[in-house]
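Counting from 1, the numbers follow the sequence of the chain as shown.
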Amino acid sequence: MAVCVAVIAKENYPLFIKTISTDDVLKFHYTVHTSLDVVEEKIQNVGKSSNDLRELYLGLLYPTEDYKVYGYVTNTKVKFVIVVESSNTSLRDNEIRAMFRKLHNAYTDMLCNPFYIPGECVISKYVAGDIQSSNSKKNI
C-alpha cells in the first residue's frame with residue numbers, strides 16, 4: 001500500500017504531501033525531503049549518460065527498514081515521490097510506473113485549471129481523490 005505521495009516543485013519545496021496515517025506525517029515529510037538528494041543525483045546521472053532523456057521514472061530511490069521510496073520527475077523538473085511499505089512484496093515495478101503515470105496525468109489536469117496559479121500548493125480535491133482511488137483500486 002502506498003503510505004505517502006508527494007509532489008515537489010522544481011525549487012524543492014512541497015506542493016502536495018498526502019499520507020495515509022496522520023500520526024507519521026512529520027516522518028514522511030522527512031523521508032520525502034531526504035529522497036530529494038537521491039533524485040537530484042539520478043537526474044544529474046541521466047544528463048551525463050544521455051541514453052534515454054525521455055525516461056521520467058527514476059525507479060527505487062532507496063529502501064529503508066519499513067518503506068521503499070520511488071521517484072519520478074517531469075520534463076519541467078517537478079518531482080513525484082511515492083513511499084510504499086517494504087512488506088508489500090506483490091507490488092511490481094510496472095504497477096509503480098502506472099501509479100506515477102496516473103499521478104502525472106492528475107497533476108497535468110490540475111495545471112490546466114485556469115484558477116490554479118503554478119507554484120502554489122496543490123489543494124485540488126481531484127488530485128487527492130485520484131490518488132485515493134488509485135490506492136483503493138490496486139489495493140496498494
Side-chain angles (χ1 to χ4, degrees):
M1 173 179 257
V3 292
C4 178
V5 176
V7 179
I8 308 296
K10 180 180 179 181
E11 296 83 16
N12 290 338
Y13 61 88
L15 294 173
F16 178 82
I17 295 182
K18 175 78 173 171
T19 61
I20 299 291
S21 166
T22 57
D23 298 335
D24 298 330
V25 173
L26 189 59
K27 178 174 135 180
F28 288 120
H29 274 264
Y30 176 75
T31 303
V32 167
H33 271 54
T34 55
S35 70
L36 292 178
D37 293 331
V38 180
V39 168
E40 293 297 327
E41 285 178 19
K42 287 199 175 207
I43 290 173
Q44 288 176 357
N45 289 341
V46 167
K48 290 178 184 174
S49 66
S50 72
N51 289 339
D52 189 10
L53 295 176
R54 295 171 299 171
E55 180 62 36
L56 304 174
Y57 177 66
L58 299 174
L60 180 66
L61 299 177
Y62 67 91
T64 64
E65 245 178 69
D66 301 323
Y67 305 105
K68 291 180 182 176
V69 182
Y70 292 89
Y72 183 94
V73 65
T74 66
N75 292 330
T76 58
K77 304 294 186 238
V78 173
K79 300 151 196 83
F80 300 128
V81 176
I82 294 179
V83 182
V84 297
E85 294 174 331
S86 291
S87 61
N88 191 353
T89 57
S90 65
L91 193 62
R92 293 183 304 232
D93 201 45
N94 60 349
E95 292 172 344
I96 297 287
R97 283 179 189 261
M99 288 173 61
F100 277 122
R101 262 187 255 114
K102 190 167 186 168
L103 179 61
H104 191 179
N105 288 338
Y107 179 74
T108 304
D109 290 344
M110 191 239 2
L111 280 178
C112 292
N113 182 351
F115 300 108
Y116 176 72
I117 300 170
E120 285 188 353
C121 289
V122 177
I123 54 173
S124 172
K125 293 178 184 177
Y126 176 74
V127 174
D130 202 26
I131 292 166
Q132 199 70 13
S133 70
S134 175
N135 272 345
S136 64
K137 278 183 192 173
K138 296 195 183 259
N139 200 15
I140 40 181

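- When all heavy atoms of Cys121 and Pro14 are compared, the closest pair comes out as SG-O, 4.1 Å.
- For the side-chain contact (heavy atoms from CB on, under 4.5 Å) with Ser35, the lone residue among Leu61, Ile8, Val83 that qualifies is Leu61.
- Interatomic distance, NZ of Lys68 versus OG of Ser87, reported as 9.5 Å (0.5 Å rounding).
- Interatomic distance, NZ of Lys18 versus CG of Leu103, reported as 13.5 Å (0.5 Å rounding).
- Note that the CG atom of Asn75 and the NE2 atom of His104 stand 7.0 Å from one another [nearest 0.5 Å].
- Counting only N and O atoms by type, the side chains of Thr34 and Tyr62 include a donor and acceptor under 3.5 Å apart.
- Between the CD atom in Glu85 and the CD1 atom in Ile20 there is a gap of 9.0 Å [rounded to 0.5 Å].
- The distance between the ring centers of Phe16 and Tyr107 does not fall below 6.0 angstrom.
- If you take CD1 on Ile117 and CG on Leu111, they are separated by 12.5 Å, rounding to the nearest 0.5 Å.
- Tracing side-chain contacts under 4.5 Å through hydrophobic residues (I, L, V, M, F, W, Y), one reaches Tyr13 starting from Tyr72; they form part of the same cluster.
- Between Phe100 and Phe80, the closest heavy-atom pair is CE2-O, 3.5 Å.
- Residues Val32 and Cys4 have side chains in contact (heavy-atom distance under 4.5 Å, counting atoms from C-beta outward).
- Note: the hydrophobic cluster containing Ile96 also contains Leu60 (ILVMFWY, side chain heavy atoms under 4.5 Å, direct or indirect links).
- No more than 12 heavy atoms of other residues, nucleotides or ligands shown are found within 6.0 angstrom of OH on Tyr30.
- Shortest non-hydrogen contact noted between Ser86 and Thr89 is O-CG2, 4.4 Å.
- Each of Leu58, Thr74, Val7, Asn12 was scored for a side-chain contact (heavy atoms from CB on, under 4.5 Å) with Lys79, with one residue passing: Asn12.
- Expressed to the nearest 0.5 Å, how far CD of Glu95 lies from CE of Met99 amounts to 9.0 Å.
- Across every non-hydrogen atom of Val84 and Ala2, the tightest pair is CG1-CA, 3.9 Å.
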